Amino acid sequence: QVQLVDAGGGLVQAGGALRLSCVASPRSWRTTVMGWLRQVPGKEREFVAQTTWYGDHSNYANAVKGRFNISIDTAKNTLYLKMSNLKPELTALYSCAAGSSLSSDERLYYYWGQGTQVTVTV
């Protein structure tokens, strides 16, 4: 069983920045791929970004390319999402997830964090 604890969300003005974090414990083959997805009430969960554990491959949703950067500190088993130039439409509950396949399909993730709310105001 892998536990994911994500944090770092908050209230920020448009144009601002946040850094989300997600600690994975323990490290396993089921954490080969780590990702961030987001959800707005009443809408389906959306893929945001993902990376392989050692950072050799990463993918981003078109809406966040150039704004977000995903990374992993392998020494700390911690996934990060650096978010910059935030816009109100990026307001959502952001959750980290762990899996073994590079895919935007949320069904391929095995474990999920509890989510951290990001709210961007005008």
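Only a predicted model underlies this, so the values are computations on that prediction, with no experimental measurement involved.
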Between Arg45 and Gln39, the two heavy atoms sitting closest are N-NE2, 3.8 Å
Problem - Single-linkage hydrophobic cluster, 4.5 Å side-chain cutoff, Leu93 and Leu90 together - result: no
Across all chains, not counting sequence neighbours, the side chain to side chain contact (heavy atoms under 4.5 Å, CB included) partners of Ala63 are Arg38
From the list Leu18, Val12, Thr91, side-chain contact (heavy atoms from CB on, under 4.5 Å) partner of Thr119 resolves to Thr91
The residue among Trp36, Tyr80, Phe68 that forms side-chain contact (heavy atoms from CB on, under 4.5 Å) with Leu20 is Trp36
I'd like to know if the side chain of Thr51 and the backbone of His57 have a donor-acceptor N/O pair within less than 3.5 Å. yes
Correct closest heavy-atom pair for Gly9 and Thr116 would be N-OG1, 2.8 Å
Across all chains, not counting sequence neighbours, the side chain to side chain contact (heavy atoms under 4.5 Å, CB included) partners of Ser103 are Asp105, Leu108
Checklist entry - Would you find more than 12 non-hydrogen atoms of other residues, nucleotides or ligands less than 6.0 Å from Gln114 atom CD? => result yes
SG (Cys96) and CG (Asp6) are apart, to the nearest 0.5 Å, by 4.0 Å
In short, Ser95 meets Trp112 closest at the heavy-atom pair CB-CE3, 4.1 Å
Are Leu4 and Leu102 linked, directly or through intermediate hydrophobic residues, by side-chain heavy-atom contacts shorter than 4.5 Å (ILVMFWY only)?
no
- prompt: Do the side chain of Arg67 and the main chain of Asn85 share a donor and acceptor less than 3.5 angstrom apart?
  reply: yes
Original post:
Tyr94 versus Val48: any side-chain heavy-atom pair under 4.5 Å?
Top reply: yes
For residues 14-33, the side-chain hydrogen bond (donor to acceptor under 3.5 Å, both in side chains) pairs (sequence neighbours left out) are Arg27-Thr31
Residue set satisfying salt bridge (charged side-chain N to carboxylate O under 4.0 Å, His left out) with Glu89, at least two apart, ordered chain then number -> Lys87
Hydrophobic cluster membership, Leu81 vs Trp53, 4.5 Å side-chain cutoff:
yes
Here the pair of heavy atoms bringing Ser58 nearest to Ile70 is CB-CG2, 4.1 Å
Value for CD1 (Ile72) from OG1 (Thr78), rounded to nearest 0.5 Å, stands at 9.5 Å
### Query
Between Val64 and Leu37, is there a shared hydrophobic cluster once you connect ILVMFWY residues whose side-chain heavy atoms come closer than 4.5 Å?
no
Value for OH (Tyr60) from CD (Gln50), rounded to nearest 0.5 Å, stands at 10.5 Å
Salt bridge (charged side-chain N to carboxylate O under 4.0 Å, His left out) filter on Asp56, not counting sequence neighbours, yields none
Those residues at least two apart in sequence (or on a different chain) that pass side chain to side chain contact (heavy atoms under 4.5 Å, CB included) with Ser104 are Phe47
When hydrophobic residues are tied together by side-chain contacts of less than 4.5 Å, even through go-betweens, does Met34 share a cluster with Tyr111? yes
Heavy atoms of Ser100 and Tyr110 approach each other most closely as OG-OH, 2.8 Å
Are Val23 and Lys76 side-chain neighbours, meaning at least one heavy-atom pair lies under 4.5 Å?
-> no
